[in-house]
**Student:** 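Below is the structure I would like to discuss, written out as structure tokens.
Small disclaimer: the values here were computed from a predicted structure and weren't measured. When a ligand or atom number is given, it counts from 1 through the structure's own listing order.
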Amino acid sequence: VSWQHDGNGALRKVKDVRTHVGEVLALFREHGELSRTDVIDVSGLSRSTVNQRLGALHAAGLITDIGGGSSTGGRPSSRFAFNRSRAAFLTVDIGATGFVAALCDLGGEPFAHTQRSIDVWEGPRAVLALVDSAFAELLERSDAPEVWGIGIGVPGPVEFRAGRVVNPPIMTGWDGFDIAGWFAGYGVPVVVENDANSRAVAESRPRGADAVRHDDLISLKLGTGIGSGLVFNGQIIRGSDGAAGDIGHTRATASDSSAPLPCRCGNVGCVEAYAGGWALIRDLAAVGVPAADVAEVVSLVRRGNIEAVRLVRQAGRLLGDAVADLVSILNPGSIILSGQLAECGEVLLSGVRERVYQRSLPLATRNLSILVSSLGEFAGVTGLALITADQLFGTDNIDSLLTRLVPAA
Ligand SMILES: [Zn+2]
């Protein structure tokens with residue numbers, strides 16, 4: 001829906017008319033393939049305008065002609081497809097103890113990836129230098145594809161427009177650091193996003209013909225720490241300072257009267273201090289079951305270690321308590337768990353389900369599904385590529401991209 005001035009100086013709503021070339025490209029990003037006739041039907045544009053838009057996108061290599069399509073009368077209408085492999089995005093999903101870096105195609109699909117162990121507490125320079133080396137490795141391995149953008153995911157609140165982390169509860173030394181500026185040497189747009197938000201975006205976009213579309217969802221990232229991302233009506237809810245959805249550092253519903261546990265953020269009684277990966281490692285050590293990292297917690301659960309199963313189930317209930325009010329307030333269609341701890345699967349999921357269905361308003365859970373992400377370790381980089389694509393192909397930037405790709409004859 002867009003707005004136009006009518007002759008009398010009043011704004012009028014123009015329904016579903018996609019006038020801009022970026023909006024025609026958005027149709028291809030959403031549907032993959034469309035015939036010329038499809039574009040005319042969906043956009044409401046005249047044939048000549050559609051021809052001009054398709055011509056511009058085709059000349060830039062953003063869509064490819066894939067031959068004849070269905071005929072709607074007379075001549076068959078030629079079909080076009082979004083050219084996902086026209087260029088690539090460099091993406092990195094940084095967690096507290098490691099990152100996944102990937103080259104993704106323009107549709108968000110990772111086609112080369114690598115991982116590194118890090119300690120996010122070492123600060124931005126040490127971690128981002130490792131990201132640089134991972135990017136160099138990926139570019140070398142993949143015959144240096146054309147890179148059109150960079151997406152960086154971090155486990156803390158992000159001031160999205162500035163590309164900086166703001167007041168991170170755990171990322172000591174990252175506060176205000178110019179992450180986008182660090183990558184300026186690549187000469188492409190850089191997007192910095194909270195890790196749980198990028199996962200939420202990846203979940204919200206359907207992939208494949210029969211994929212389920214999640215328009216209103218809460219994504220829970222469960223790793224060393226706990227984060228959540230909110231996507232409603234297909235848009236990330238960031239809040240006015242980028243802090244929306246940081247449920248890991250909201251107050252946990254303590255089940256007993258003991259003193260609230262200290263959290264990494266300096267506060268006490270946070271959800272993360274009970275249900276975060278680091279808290280589970282602490283609690284396992286206390287009962288004589290050593291686990292060096294979250295991966296070991298997961299493998300203990302999979303092997304049926306009684307203490308690990310008990311603690312992870314309990315963490316699931318506590319998470320469910322933390323999310324239940326959010327469900328009543330926002331009425332999401334899905335809650336999707338990702339991150340290393342989510343690999344515990346049903347053991348974790350059952351606790352979350354139990355409490356959410358028990359404590360949220362019945363109407364808010366009538367159609368709610370609570371599940372583990374099917375994107376695995378690539379949820380973050382996929383979402384980052386999609387967010388970077390949204391920026392690059394958005395109506396603000398698409399014209400300059402096309403001008404660069406197809407210099408005026
Ligand atoms: Zn905390």
**Student:** Output side-chain donor-acceptor pairs under 3.5 Å for residues 179-190, partner residues at least two apart or in another chain, one line each.
**Tutor:**
{"unit_1": "Trp182", "atom_1": "NE1", "unit_2": "Asp132", "atom_2": "OD2", "d": "2.9"}
{"unit_1": "Tyr186", "atom_1": "OH", "unit_2": "Asp132", "atom_2": "OD1", "d": "2.9"}

**Student:** Would you mind writing out the side-chain donor-acceptor pairs for residues 287-296 within the sub-3.5 Å range, not counting sequence neighbours?
**Tutor:**
{"unit_1": "Asp293", "atom_1": "OD1", "unit_2": "Ala295", "atom_2": "N", "d": "3.4"}
{"unit_1": "Asp293", "atom_1": "OD1", "unit_2": "Glu296", "atom_2": "N", "d": "3.0"}
{"unit_1": "Glu296", "atom_1": "OE1", "unit_2": "Ala292", "atom_2": "N", "d": "3.2"}

**Student:** Indicate yes or no for a side-chain donor-acceptor contact from Ser360 to the backbone of Val356 under 3.5 Å, with no hydrogens or angles considered.
**Tutor:**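 At least one qualifying donor-acceptor pair exists.
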**Student:** Verify the neighbour count for atom CD of Glu137: are there more than 12 heavy atoms of other residues, nucleotides or ligands below 6.0 Å?
**Tutor:**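 Count over threshold, so yes.
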**Student:** Just by distance, no angles: are the side chains of Glu193 and Ser198 close enough, under 3.5 Å, to form a donor-acceptor pair?
**Tutor:**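 No.
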**Student:** Ignoring water, what protein N, O or S atoms are under 2.8 Å from the Zn ion (ligand 1)?
**Tutor:**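 Checking every protein N, O and S atom gives His249 ND1, Cys263 SG, Cys265 SG, Cys270 SG.
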**Student:** Could you tell me which residues satisfy side chain to side chain donor-acceptor pair (under 3.5 Å) with Thr64, sequence neighbours excluded, listed by chain and number?
**Tutor:**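 Result, side chain to side chain donor-acceptor pair (under 3.5 Å) vs Thr64: none returned.
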